[in-house]
Asks: 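Below you'll find the structure I mean.
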Amino acid sequence: MIEARELTKRYGDFTAVDRISFKVKKGEIFGFLGPNGAGKTTTVRMLSTLTSITEGEAYVNGYDVRREKVGVKKSIGVVQDVSNLYDELTVEENLRFLARLYEAPPENVSKLIKDFNLPARKKFGKLSSGYKRRASIVAALIHDPPVIFLDEPTIALDVKSARMVREMIRALNVAGRTIFLTTHNMVEAETLPHRIAIINRGKIVAMGGRSEIRRLLGSETRVRLKVEPLKTSLIHALEEYSPAFEEDALVLKVKDIDAFMDELAEIKGRLGFRIVHLSTELPSIEDVFLELTEEEGEERGCACGGCPI
Amino acid sequence: MKVWAIIVKELREYMLKPGSISWGLVFPLVFSLAFIARFGDIDHLIPGLLSISALFGTTSFVASSIIFERRLRTFERLLLAPVSYGEIILAKVLVGAIFGLLVSLVTLVLVSHFMAYSIWSLPLVLLYLILSNLAFSALGVYVSLAISNSINVMTWLNLIRLPMMFTSGAIASLTLFPRWFLVVGLITPMTYSVDGLRYGLLYYYDVIPPLESMLALVLMFLLFMLLSIRALKKLY
Ligand SMILES: Nc1ncnc2c1ncn2[C@@H]1O[C@H](COP(=O)(O)OP(=O)(O)O)[C@@H](O)[C@H]1O
Ligand SMILES: [Mg+2]
């Protein structure tokens, strides 16, 4: 449904998006993860014809983004990273206006208002930010496009509105639409996409299904450990596994689980404690995200203890 | 029909915004009233006052709407829709011209009460008003899109339109100035509007014969439309 080949955007000397390639299948939610400034919005703007492509190719719903803009525009609904409808128009007037621009049947307007429970007669400018976002998402559906782009749809929303938006996204996808979702929100990344690409400084640094992404940190396993009594000497003894507290358990990063078990038994004999809980899990997408997108020399340098500060 | 949909949307959204009302409606009316109060008999000034109303009405409306849309990124709604650049520009220019025409008609009703003579040809006056509003609106759209930072649009606009009031013969006849000043007048788009309106209202002109001013206004309208389309392509 969406394909990018060596897609590149340069602003002068600065390369905002650097030869990225990916394919999004029909009916898929594709998560496009990256920290601020990674190039997510620029990618969406290129794919949705809003900004020119410097190099490379892109296809949406079979249309060449550079040459068949009208075909692309008719195939996509775009929810931008701001809620940009017209303040002085009511929600219904906004949708009617867009329906005319897209030559969509006028019945779509009343149907969408009903389906998504929108306050039809309220001026857009008077809505809360949650409802503004909701209306902006609905506005992208006016011509019932097969492909939807959402650029950080839950950014700056309160917890409740964010959840509502996530539920909307799931509903859109259940209806068979292909969804390109950019985010740096990890709840979204863990729950919504079928496949994920992580972009950092304009380059895709990882791509795959959610479990594939989690396994990317090599053979590293997260070990959750609960002991009684918990002594600081134990934490010191486990230093090499970078122990961290999560709720009431210690979380360790372990490369060789067999050697770890031997060592744990040895420490247990030495310090004397009872193991209450021991479990292993793959790292979270957040772990992978942080690992792959950290600035070089920044956190890596500090973690190994050689950091001068 | 998409063009018409955009026009209706623009009128509802921006007609009552401070930017359109203050510089677009209040300024030209107060300006006209000030001249009436000062001079009483103002027949020879009416072409200038009408032209000033058209200039400020159109440019203020389109600038305020385009500044808003660029800043709030509602402009990108239009760009994302299957609407051509030409249709977008045409809609913006037409709606500015409609607003400007309303402002200049209000001015016409106001100042005609103070005319010593009656209007020579109302149809001709209306024709020149329509052409002037189209040309000025296209100029306003071009300036609003050509300035890369939308914050500076109003400043640039005033830098263009305030001097134009003097170089166009709107306030004092160009025949009263030295010859070199006439050259400045000839490159000022407003000169053609003022002289055309003068002909329609009073049956004489200062510098430019009526048919030529008509042609010049049409050419200006087309030229600034094309320049606007180019500026829009460059902006996004
Ligand atoms: N119009 C522009 N001109 C110059 N640089 C830009 C422009 N738009 C974005 N950038 C730069 O490109 C990079 C990627 O931006 P963006 O795609 O908005 O990132 P993201 O959406 O992932 O936060 C940033 O460094 C940003 O400053
Ligand atoms: Mg962004």
Side-chain angles (χ1 to χ4, degrees), chain A residues 9 11 41-42 44-53 60 63 65 68-90 92-104 106 109 123-125 132 135-136 139-140 142-143 145 147-149 151, chain B residues 1-22 24 61-62 64-92 94-95 98-99 145 148-150 229-236:
Chain A
K9 178 74 187 182
Y11 294 109
T41 299
T42 307
V44 171
R45 290 177 72 86
M46 280 194 283
L47 292 174
S48 59
T49 74
L50 267 183
T51 194
S52 62
I53 293 170
V60 174
Y63 295 103
V65 177
E68 299 165 296
K69 290 199 163 96
V70 177
V72 173
K73 286 177 181 182
K74 286 182 175 166
S75 308
I76 62 173
V78 183
V79 181
Q80 295 192 268
D81 51 355
V82 289
S83 299
N84 52 350
L85 287 169
Y86 301 96
D87 281 350
E88 301 297 328
L89 269 57
T90 65
E92 186 174 352
E93 286 166 346
N94 266 296
L95 295 180
R96 290 209 179 288
F97 169 61
L98 292 171
R100 291 179 71 181
L101 283 193
Y102 282 91
E103 292 169 325
V109 174
K123 281 190 177 178
F124 179 74
K132 277 188 176 167
S136 303
I142 198 76
H143 52 303
V147 180
I148 309 271
F149 288 91
D151 194 2
Chain B
M1 275 314 91
K2 292 176 183 177
V3 171
W4 183 244
I6 299 175
I7 289 174
V8 173
K9 181 272 292 175
E10 297 266 320
L11 286 174
R12 300 187 105 147
E13 180 77 8
Y14 302 110
M15 188 115 115
L16 299 176
K17 292 272 188 208
S20 321
I21 295 293
S22 62
F61 186 92
V62 296
S64 113
S65 97
I66 291 174
I67 292 169
F68 262 107
E69 300 215 334
R70 284 176 63 182
R71 206 179 59 211
L72 302 177
R73 291 174 51 194
T74 38
F75 208 99
E76 293 175 8
R77 286 266 167 213
L78 301 179
L79 298 172
L80 281 170
V83 187
S84 68
Y85 285 121
E87 286 172 301
I88 295 174
I89 296 296
L90 183 64
K92 294 274 177 193
L94 286 181
V95 73
I98 289 171
F99 185 84
L145 290 172
S148 57
N149 188 341
S150 64
I229 293 173
R230 244 186 48 184
L232 180 58
K233 278 187 182 149
K234 226 178 112 191
L235 202 54
Y236 287 96

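From a predicted model like this one, the values you see are computed outputs, not experimental measurements. Just so we're on the same page: letters track the sequence lines, and every chain starts at 1.
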Asks: Out of A/Phe97, A/Tyr102, A/Tyr86, return the one with the most heavy atom pairs under 4.5 angstrom to chain B.
Replies: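 Counting heavy-atom pairs under 4.5 Å, the top option is A/Tyr86.
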Asks: Examine whether an atom of B/Phe68 lies under 4.5 Å from a heavy atom of chain A, and if so say whether it belongs to the side chain, the backbone or both; otherwise answer neither.
Replies: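 B/Phe68 has no heavy atom closer than 4.5 Å to chain A.
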Asks: Within this structure, what is the CG-CD distance for the pair A/Asn94 and B/Glu13, rounded to the nearest 0.5 Å?
Replies: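 The CD atom of B/Glu13 is 7.5 Å from CG of A/Asn94, to the nearest 0.5 Å.
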Asks: What is the distance from atom CZ of A/Arg100 to atom NZ of B/Lys9, rounded to the nearest 0.5 Å?
Replies: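 Answer rounded to 0.5 Å: 12.5 Å.
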Asks: Check each atom of A/Arg45 against the heavy atoms of chain B and say whether the ones under 4.5 Å are side chain, backbone, both or neither.
Replies: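 Contact with chain B: side chain only.
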Asks: Please identify, among B/Leu80, B/Leu79, B/Val3, the residue contributing the most non-hydrogen atom pairs under 4.5 Å to chain A.
Replies: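 Most heavy-atom pairs under 4.5 Å with chain A: B/Leu80.
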Asks: Considering only heavy atoms, which portion of B/Leu16 lies under 4.5 Å from any heavy atom of chain A: side chain, backbone, both, or neither?
Replies: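 It is neither, since no heavy atom gets under 4.5 Å.
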Asks: Before accepting this row, confirm whether a basic side-chain N of the pair A/Asp87/B/Lys17 lies closer than 4.0 Å to the acidic partner's carboxylate O.
Replies: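 The answer is no: the pair does not qualify as a salt bridge.
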Asks: Is it the backbone or the side chain of A/Leu98 that comes under 4.5 Å from a heavy atom of chain B, or both, or neither?
Replies: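 Contact with chain B involves the side chain of A/Leu98 alone.
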Asks: Hey, are B/Arg12 and A/Glu93 close enough for a salt bridge, meaning a charged N less than 4.0 Å from a carboxylate O?
Replies: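 Looking at A/Glu93 together with B/Arg12, the answer is yes, because their closest N to O distance falls below 4.0 Å.
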Asks: Any idea which heavy atoms bring A/Leu101 and B/Lys2 closest together, and the distance?
Replies: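 Taking every non-hydrogen atom into account, O-CE, 3.2 Å.
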Asks: Please classify the contact between B/Glu87 and chain A as side chain, backbone, both or neither, with a heavy-atom cut-off of under 4.5 Å.
Replies: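 No part of B/Glu87 comes within 4.5 Å of chain A.
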Asks: Strictly less than 4.5 Å between heavy atoms, which residues of residues 229-236 of chain B line up against chain A? Please order them by number.
Replies: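 Hits under 4.5 Å: B/Tyr236.
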Asks: Contact part of A/Ser136 toward chain B, heavy-atom cut-off under 4.5 Å: side chain, backbone, both or neither?
Replies: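 Both parts, backbone and side chain.
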Asks: How long is the span from the CG atom in A/Asn84 to the CZ atom in B/Arg77, to the nearest 0.5 Å?
Replies: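 Between A/Asn84 CG and B/Arg77 CZ, I get 4.5 Å after rounding to 0.5 Å.
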